[in-house]
Amino acid sequence: MRRYMYTIALLIIAILITITDAKSLQDGDIIFQTSRSSQSQAIQLVTKSKYSHMGIIFHKKGQPYVFEAVQPVKSTPLKEWIARGEKGHYVVKRLKNSEQVLTPQNKLKMQKIAQGFLGKSYDQTFEWNDQKMYCSEIVWKIYQRATGIEIGTLERLGDFDLSHPIVQQKIKERYGKNIPMNETVISPQSMFESPLLETVIQY
């Protein structure tokens, strides 16, 4: 009985924290989580990061949504997005100079660019074009095209350690023997570590 009551209490606290956090979110905030998808572990191993998925916050009728590259690219209510992650953990980051950069005009630009990506397929081969999109790519491109700001460092696929057996298996599934080692990529970890961002929420 005590364990049951303790679990309920934790759940209530988590809900209250989420509600409080949601009220402090702003359009353009970047949110990170550890995905429970089949490729999450491979991404963590390659990037040396606990975070394997991310999106960008936009509000609709006063409610926060996460614009994200999944299958297909879509907007997901914040609570649903958080529930999909590992143990409900997430981190929200914001541009340090957001008050100067994220003007109403730039926020509208960001949303317009996002709308252009809506419905596109998820990019399982992480190609640097707009035909399909992956999570960090879509956030990077929205910011770069709307504000000119590049969050995180662009790298090549060959810059990462691809030696782990789990990673090798995913590579074999998606590329066969034709691995595009020179493909431009942006990782969630690179964006997470960007000095342009500051943490505003961590749960």
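- Here the closest heavy-atom approach between residue Glu137 and residue Trp128 is recorded as CG-CZ3, 3.7 Å.
- To the nearest 0.5 Å, atoms CH2 (Trp140) and CD1 (Ile56) are separated by 13.5 Å.
- The six-membered or imidazole ring of His53 lies away from that of Tyr134, with a centre-to-centre distance of 6.0 Å or more.
- Contact record, Tyr122 with Gln71: N-OE1, 2.7 Å, taken as the closest heavy-atom pair.
- With contacts defined as side-chain heavy-atom distances shorter than 4.5 Å, the pair Ser24/Val200 does not qualify.
- Applying the salt bridge (Lys or Arg N to Asp or Glu O under 4.0 Å) criterion to Arg84, with sequence neighbours excluded, gives Glu68.
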I would like to know whether Val73 and Ile138 meet side chain to side chain contact (heavy atoms under 4.5 Å, CB included); could you show each step before the answer? CA-CA 9 Å; Val73 172; Ile138 205 168; 3.6 Å; yes
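- Atom NZ of Lys96 sits in a crowded spot, with more than 12 heavy atoms from other residues, nucleotides or ligands closer than 6.0 Å.
- Residues Gln33 and Trp81 come closest through the heavy atom pair NE2-O, 3.0 Å.
- To the nearest 0.5 Å, atom CZ of residue Arg94 and atom CD1 of residue Ile57 are 10.0 Å apart.
- Here Thr125 contributes atom OG1 and Glu173 contributes atom CD; the two are 13.0 Å apart, rounded to the nearest 0.5 Å.
- No single ILVMFWY cluster, assembled from side-chain heavy atoms under 4.5 Å apart, contains both Ile113 and Leu108.
- Taking 4.5 Å as the limit, every side-chain heavy atom of Ser75 sits out of range of all side-chain heavy atoms of Val66.
- Val185 and Ile171 fall within a single hydrophobic cluster, where Ile, Leu, Val, Met, Phe, Trp and Tyr are joined by side-chain heavy atoms under 4.5 Å apart, directly or via other members.
- Scanning all heavy atoms of the two residues, the minimum distance from Val167 to Ala42 falls at CG2-O, 3.8 Å.
- Shortest non-hydrogen contact noted between Gly176 and Ile179 is O-CG1, 4.3 Å.
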Kindly indicate, with the supporting measurements, whether the criterion side chain to side chain contact (heavy atoms under 4.5 Å, CB included) is fulfilled by Leu102 and Met110. CA-CA 9 Å; Leu102 298 184; Met110 294 170 78; 3.7 Å; yes
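- In this structure, Lys74 is not positioned above the aromatic face of Phe67 in the sense of NZ or CZ being under 6.0 Å from the six-membered ring centre and within 45° of the axis.
- Annotation: Tyr65 is not in aromatic contact with Phe58 [ring centroid separation under 6.0 Å not met].
- In this structure, OG on Ser98 lies 7.5 Å from NZ on Lys107, to the nearest 0.5 angstrom.
- Atom-to-atom distance recorded for His59:NE2 and Gln26:CD is 8.5 Å, nearest 0.5 angstrom.
- A donor-acceptor pair is defined here as one N or O able to donate and one able to accept, closer than 3.5 Å; such a pair exists between the side chain of Thr34 and the backbone of Lys50.
- For Lys48 and Asp161, the salt-bridge test passes: some basic side-chain N is under 4.0 Å from an acidic carboxylate O.
- Residues Pro188 and Ser49 are not in side-chain contact: their nearest non-hydrogen atoms beyond the backbone lie 4.5 Å or more apart.
- Heavy-atom neighbours of Glu86 CD from other residues, nucleotides or ligands within 6.0 Å: above the threshold of 12.
- Gln189 and Glu193 are linked by a side-chain donor-acceptor pair at a separation below 3.5 angstrom, with hydrogens and angles left out of the test.
- Under the 4.5 Å side-chain heavy-atom criterion for ILVMFWY residues, no single connected hydrophobic cluster contains both Leu25 and Tyr143.
- One distance of note links CD of Gln41 with CZ of Arg36; it measures 15.0 Å at 0.5 Å rounding.
- For the pair Lys60 and Asp27, the salt-bridge criterion is not met [side-chain N within less than 4.0 Å of a carboxylate O].
- Under the 3.5 Å distance criterion, with hydrogens and angles disregarded, no donor-acceptor pair is assigned to the side chains of Arg174 and Gln169.
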Test Leu95 against Ile30 for side chain to side chain contact (heavy atoms under 4.5 Å, CB included), laying out the working first. CA-CA 9 Å; Leu95 278 180; Ile30 301 173; over 6 Å; no
Run the side-chain donor-acceptor check on residues 149-156: report pairs under 3.5 Å with partners two or more places apart or on a different chain.
unit_1	atom_1	unit_2	atom_2	d
Arg156	NH1	Met181	O	3.3
Arg156	NH1	Asn182	OD1	2.6
Arg156	NH2	Asp159	OD1	3.2

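- For Glu99, the CD atom sits in a loose shell: 12 or fewer heavy atoms of surrounding residues, nucleotides or ligands are nearer than 6.0 Å.
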For Asp130 and Lys141: C-alpha separation, side-chain torsions, deciding distance, then whether side chain to side chain contact (heavy atoms under 4.5 Å, CB included) applies. CA-CA 9 Å; Asp130 290 356; Lys141 288 181 175 178; 2.9 Å; yes
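- With contacts defined as side-chain heavy-atom distances shorter than 4.5 Å, the pair Val92/Thr199 does not qualify.
- Checking side-chain atoms of Asn97 against main-chain N and O of Gln100 turns up no donor-acceptor pair under 3.5 Å.
- Under a cut-off of 6.0 angstrom, the local environment of NZ in Lys132 is sparse, with at most 12 non-hydrogen atoms contributed by other residues, nucleotides or ligands.
- Met191 has its side chain within reach of Met54: a pair of non-hydrogen atoms, C-beta onward, lies under 4.5 Å apart.
- Residues Ile142 and Ala114 share a closest heavy-atom pair of CD1-CB, 3.9 Å.
- Note on Met133 and Tyr51: same hydrophobic cluster, where clusters join Ile, Leu, Val, Met, Phe, Trp and Tyr whose side-chain heavy atoms are under 4.5 Å apart, directly or indirectly.
- No path of Ile, Leu, Val, Met, Phe, Trp and Tyr side chains, each step under 4.5 Å between heavy atoms, connects Val139 with Ile43, placing them in separate hydrophobic clusters.
- Checking each of Ser35, Ser40, Ser37 against Ser52 for a side-chain hydrogen bond (donor to acceptor under 3.5 Å, both in side chains) leaves exactly one that passes, namely Ser40.
- A tilted orientation is assigned to the rings of Tyr203 and Tyr90, their planes being inclined by 30° to 60°.
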